[in-house]
Amino acid sequence: MENLLSIFSVVFLSQVFRMFTPYFFGAIGGAYSERGGVINIAIEGFLISSAFSFAVVNIFTGSIILSFIIAMLVNAVLSILFAIFTVKLKTDHIVTGVGFNLLIAGLADFLIAYFFKTSSNTPRFEEIPTIEVLSFLPFLSDPLIIVAFATVPLSAFVFFKTRFGLRLRSVGENPQAAESLGVKVRFYKIAGVVLCGIITSFGGIWLASYQNTYSQGMTAGRGYIALAAMIIGKWKPVNIFFVCLMFAFFEALEIKLQIIGSFIPSQFIQSLPYIVTILVLIGFIGKTRPPAADGVPY
Amino acid sequence: MIPAIEFKNITKQFGNLKANDNVSFAIRKNSVHCILGENGAGKSTLMKILYGAYQPDSGKLFVDGKQQNFHTPHDAINAGVAMVWQHFMLIDDFSVLENVILGNEPISGIKIDFKTAQKKINDVITKFNLGLNPDDKVEKLSIAEQQKVELLKILYRKPSIIIFDEPTAVLSPVEVDEFFNIITKLKDSGNTIILITHKLREVIQIAERVTVLRQGKKVYEAEATEIDEDILGKEIVGDSSFEIASETKLETDGEKKVAILEKAGLSSGGYSKLNDINLVLRAGEISGICGVEGNGQNEIVDILLQLLSVENGTAELNYSSVSVVPDDRIKKGMISEYTIGENVITRKMGFEIALKAKLKKLSEILIKSYDIRTPDYFTPMGNLSGGNQQKAIVAREIENQSELIIFSHPTRGVDLKSSLFIHDEIIHVRNSGRAVLLVSSDLDELFKLSDRLIVLYNGQTVKEYEPLELKSRLKDAESFTVEVGKLMVGAGIE
């Protein structure tokens, strides 16, 4: 029992926030896309593309800022492509998303072999430095975690208090109605998708940065869990924040229990987030209702 | 005086169909102008040209004396032309306020200026007495309230010309009166109003000038003072077969009681929906239910369909089969992607194999005997016009030979000719000895068809007119309408 309590330490908390960050950026990014009515399961691919390009540019140039910017740009370009398919050419969102995920994962594998003559992971590189003034706060000194925290109120503000947010939501709910009032439907849909790509890139960058390498399969389906978190969070930033925190908490707990060895089987802990997810989805914690025109090409 | 709108030789063709054929007429400033015609007569096309959704193939459009070429609805809005759609263009998940300001949001800094928006909206609500709360979510509002939100959206943008597409199709008589008050206020504050409608009585009540379209052409135009229902009816339908329906009612024995509700009550979500409903449905009789929408009609229908069960009182359901023509044909009545035949076979109980030949035969019979206009047997029902969809659903339900048939708003949004046809079919059903429940918000329809009339208010049957009484009261339809109208809004009930 003492063992169990000792889990909840500062180190454990930092671990939780490490797990939290990629989920959160994926989920909140997804919310931008889906509020505009585009289902984006390519979040998994966007995590891979940003993690990989951050790693590659970092290794070749040694500049963290440059690799950060390039990773964002790569995701911006990919999401514009995704938007051209789903918004302009009106392809099925799910099929397009699956295509992007397969393509990006395959491309990353290919490019690792091409650049580094290895099939598993890149050489190691420097991570994003922490902010020294804040170093007394063990997990809040990381710039991307600060960005994540700031994204919550910022996104809530954008969604519910700004013209952009109102119009973005309107095209996700009822594009015909929005258009009849002069809202440029395609523009807002594309904007939602591109913002999704850029925000998701922070999650991918974080993954590569704190592991100091890009390795094949390192996203491990986090993009899909992020989507689940977004749905459970009802497409609302604050809810998404807490759902991601919950997922991260259980994941960290599971790892911890495996290390210290406990009477609770780790498989049980491991399954907790999914049990909670199922409870949520069967309406135990209240109904979730997606944007009315989510996934409907317009 | 320069007219508010002038159409000059407007022609618009879709494939082989001339939707508008050399249409010319003008609409006076600050007047209420009705445009009449059957479904497919070209009214909607013409309005869409005026609203910028379509461009004419030839011809000119003048607004306030200036020639205009609207390329998008937004161009039209900017020129002061606004349209209130028949099918609401509302975002259910948004508040009234959000729906209204969308596209014209007042901004302060980087955020929406909700205070200013609230004030502007409240001013309009007060001025036109709309009785809405800007913070309510639209999905929680009734249909009549949602229509007011549509109107509010338009008024917020201060247009000078407002087009209403079938505005009263979803309203009860009381709400229609309320709506006409708003129209009068709009006119008084200087607007030009264009009404598209099927309902002749309303035209005579509110219009100043009337234009009739038939098969894409303008066939008739007159001042309101020169018209009556007969003239308009003839001009709309075009052939001389028009008459105000067969009023002959059978002397029913009314012995077999297929359903008896006694002091029936029901609540949902903590609200009492029905209390003290007394209703007896008899074979060979049409029981009409009238009332403002939302006073328990839907719940009664659901009890008869055994979707709900009564909590108080008794419901004795003695029929072995029941059919329903639902109030919302698109949501409840059909699968839009399916053909007529597929929709029929889906309705059948038990195991059916949907062979193409069988589907064709099924639909062939219905198409012929119910005069359903469809390009071919395999057109999805969603592609038919509203009137033909409704005829197909009526056909399917009648052919089912159920002991009880419920018609819920059977002619809502259906053109005159199809309405008359459906009315005749309802009478046939009655004459074949089956029980009919007719729920409608159209008093004319209720008076014409009902053998027995029940008035609902607030989940109660407040009045029942027995067949003989009803017949004698209908001799003075005008005063009877007033009496029923009062009962429907709860006047004179202790």
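If you're wondering where the values come from, they're calculated on a predicted model, not measured in any experiment. Residue numbers begin at 1 in each chain, while the letters A, B, ... track the order of the sequences.
- Applying the 6.0 Å contact sphere to CG of B:Leu307 captures more than 12 heavy atoms from other residues, nucleotides or ligands.
- Taking a 6.0 Å sphere around CZ of A:Phe85, one finds it holds 12 or fewer heavy atoms contributed by other residues, nucleotides or ligands.
- Scored by the ring pair (Phe, Tyr, Trp, His ring centres under 6.0 Å) test, B:Phe70 finds no partners at all (sequence neighbours excluded).
- Options B:Leu102, B:Ile77, B:Ile91 differ in how many heavy-atom pairs under 4.5 Å they form with chain A, and the most are formed by B:Leu102.
- Rounding to the nearest 0.5 Å places CG of A:Leu181 at 11.0 Å from CD1 of B:Ile101.
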Would you be so kind as to tabulate the donor-acceptor pairs closer than 3.5 Å made by side chains of residues 75-84 of chain A, with sequence neighbours excluded?
unit_1	atom_1	unit_2	atom_2	d
A:Asn75	OD1	A:Ser49	OG	2.6
A:Asn75	ND2	A:Phe46	O	3.1
A:Asn75	ND2	A:Gly197	O	2.9
A:Ser79	OG	A:Asn75	O	2.6
A:Ser79	OG	A:Ala76	O	3.0

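- Smallest separation of non-hydrogen atoms from A:Phe160 and B:Phe114: O-CZ, 3.6 Å.
- Sorted by first then second residue, the side chain to side chain donor-acceptor pair (under 3.5 Å) pairs that include residues 237-248 of chain A, not counting sequence neighbours, number zero.
- Residue A:Phe157 touches chain B through its side chain alone, counting heavy-atom pairs closer than 4.5 Å.
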Considering distance alone, list the donor-acceptor pairs between chain A and chain B shorter than 3.5 Å.
unit_1	atom_1	unit_2	atom_2	d
A:Lys161	O	B:Ile112	N	2.8
A:Arg167	NE	B:Glu105	OE1	3.3
A:Arg167	NE	B:Glu105	OE2	2.9
A:Arg167	NH2	B:Gly103	O	3.2
A:Arg167	NH2	B:Glu105	OE1	2.7
A:Arg169	NH2	B:Glu98	OE2	2.8
A:Asn174	ND2	B:Leu90	O	2.9

